2 protein chains.
Amino acid sequence: MNVMEHLLSHIKNYYTLSDEAQQALFDCFTKVTAFKNELLITEGSICRELYFLEQGALRGFYNVDGKEITHWFGFENDFVTSFHSFITGKPAVENIQLIENSTLWSISKNALTALFNQYHEVERLVRIVYERYYIRLEERYVNAQFKTAKELYENLLKQSPHILERVPLGYVASYLGISQETLSRIRGRL
Amino acid sequence: MNVMEHLLSHIKNYYTLSDEAQQALFDCFTKVTAFKNELLITEGSICRELYFLEQGALRGFYNVDGKEITHWFGFENDFVTSFHSFITGKPAVENIQLIENSTLWSISKNALTALFNQYHEVERLVRIVYERYYIRLEERYVNAQFKTAKELYENLLKQSPHILERVPLGYVASYLGISQETLSRIRGRL
DNA sequence: TTTAATTTTTGACAAAGATCAAAAACAAAA
DNA sequence: TTTTGTTTTTGATCTTTGTCAAAAATTAAA
């Protein structure tokens with residue numbers, strides 16, 4: 001399967017585009033390679049690109065009182081960006097950093113906006129992507145609200161074991177909203 | 001200002017529709033009145049309606065181990081529904097309950113889908129609403145992740161004092177992810 | 001009003017998790 | 001291999017918040 005097919009077959013999980021719109025969409029994407037620990041997006045800068053992560057892993061994090069708070073991870077087939085900055089056009093408040101060497105596809109906000117005007121169906125696709133991302137975030141939020149540290153870990157182990165396999169524990173702890181020591185202890189007595 | 005103008009002027013905060021699309025959209029809305037403590041949506045049932053809250057207040061909550069976990073509030077000019085159920089068509093896992101007697105406007109998912117097909121611009125409007133709702137949720141999520149109970153309360157007091165004025169403390173505590181007693185103590189020593 | 005019901009606050013104690021510091025384990029490079 | 005750097009674990013202690021129970025305050029109803 002070539003790269004175009006890869007991206008397009010994933011998009012079909014959301015909505016099936018006409019051949020013409022598919023082609024137009026694909027023409028707007030540029031390949032990007034980025035390396036472990038590199039920052040894809042830095043707080044303070046305006047993020048005008050949406051990325052599709054073909055291969056690799058990365059994280060979004062905030063700097064709060066000198067500490068890094070990881071709040072999400074991205075893996076294969078995720079759309080990633082600093083949504084706040086991308087949507088509002090304001091400077092990003094978060095950083096996005098590579099956890100592994102990765103291959104991404106990038107589309108600019110301008111190009112995407114132009115596509116919306118040309119192809120209703122592309123806007124529909126994006127509307128559906130937002131719907132799904134919204135409920136995914138909602139789920140995580142509610143989960144975090146009333147679960148204990150142990151339950152959060154067990155949940156993660158069950159739902160997204162790949163995260164634990166590919167991501168340093170320190171990041172995972174902060175992602176779960178607990179200290180690294182607590183996470184380590186939970187792992188110890190399971 | 002009559003009711004149609006109220007709804008439409010609010011929608012303009014997101015995207016300005018043509019007169020024709022405005023009219024078509026408005027024709028799909030039905031007025032709903034609901035009373036304090038009533039359940040607008042009950043877990044287990046499928047929610048096929050999206051509501052615009054014209055006047056009043058309500059909350060979304062989950063039942064977990066016999067406890068009610070409030071995870072959001074809705075006030076004037078909010079679009080509300082069980083998004084998970086509305087989007088996926090699966091049974092709702094949450095309940096939506098009136099906190100005050102309220103006036104809402106309801107549109108069915110079928111009607112909205114039909115409008116999407118007829119008017120690209122309506123789908124654009126909804127895409128933009130989702131964008132905004134997504135980043136609003138993201139903000140709340142990150143906030144909850146690294147703030148202490150006291151900071152969360154002070155934040156709420158500053159950002160959304162209306163919540164504290166209109167909502168019983170027990171609901172607010174659960175919304176902040178802390179116990180009612182802790183919230184009461186925080187308020188005491190400020 | 002007086003009574004009843006509900007909501008909020010207070011107190012005492014328990015538990016979960018955070019923090020600081022150091023040791024151990026692991027990985028990468030020389 | 002040894003050395004060096006990084007990540008993870010362990011131990012001791014401190015804080016924050018939760019829980020249970022009862023009192024006080026507030027609101028609604030009779």
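Every chain is numbered from 1 and lettered A, B, ... according to where its sequence line falls, protein lines coming before strand lines. Computed from a prediction, not measured in an experiment: that's the story for all the values here.
Residue A:Arg185 places its side chain closer to D:dA12 than to any other of C:dG17, D:dA12, D:dT17. Of the candidates C:dT10, C:dA18, D:dT10, C:dT10 carries the atom nearest the B:Ser184 side chain, counting heavy atoms from C-beta on. Among D:dC20, C:dT9, C:dG17, the nucleotide with an atom closest to any side-chain atom of B:Glu181 is D:dC20. Comparing C:dA21, D:dT8, C:dA18 by their closest approach to the side chain of A:Gln180 singles out D:dT8.
Contact annotation: A:Arg187 does not reach the phosphate of D:dT8 (side-chain N/O to OP1 or OP2, under 4.0 Å). Contact check, B:Thr182 against D:dG18: a side-chain N or O comes under 4.0 Å of OP1 or OP2.
Separating the CG atom of A:Leu176 from the C1' atom of C:dA18 is a distance of 15 Å, rounded to the nearest angstrom. B:Leu183 has its CG atom 12 Å from the P atom of C:dT10, to the nearest Å. Atom CG in A:Leu169 sits roughly 16 Å away from atom P in C:dA25 (whole-Å rounding). Following rounding to the nearest Å, B:Lys150 (NZ) and D:dT15 (C1') show an atom-to-atom distance of 14 Å. Rounding to whole angstrom units, CG of residue A:Asn37 and P of C:dA28 are separated by 12 Å. Going from atom CZ of B:Arg166 over to atom P of D:dT27 covers 17 Å, rounded to whole Å.
When each of B:Lys36 and B:Lys67 is assigned the nucleotide of DNA chain D bearing its nearest heavy atom, the one mapping closer to the 5' terminus is B:Lys67.
Using a 4.0 Å heavy-atom cutoff across all strands shown, A:Lys147 reaches no nucleic acid atom at all. Using a 4.0 Å heavy-atom criterion, one finds that A:Ile178 contacts the sugar-phosphate atoms exclusively.
We find that A:Glu123 and A:Arg127 are not joined by a salt bridge, their nearest charged nitrogen and carboxylate oxygen being 4.0 Å or further apart. Under the 4.0 Å criterion applied to side-chain N and carboxylate O atoms, B:Lys109 and A:Glu131 are not assigned as salt-bridge partners.
Of the possible polar contacts, none joining the A:Lys31 side chain to the A:Thr103 backbone as a donor-acceptor pair under 3.5 Å is found.
Between the side chains of A:Asn77 and A:His6, a donor-acceptor pair is found at a separation under 3.5 Å.
Note: A:Phe79 and A:Tyr14 have tilted aromatic rings, judged against thresholds of 30 and 60 degrees for the angle between ring planes.
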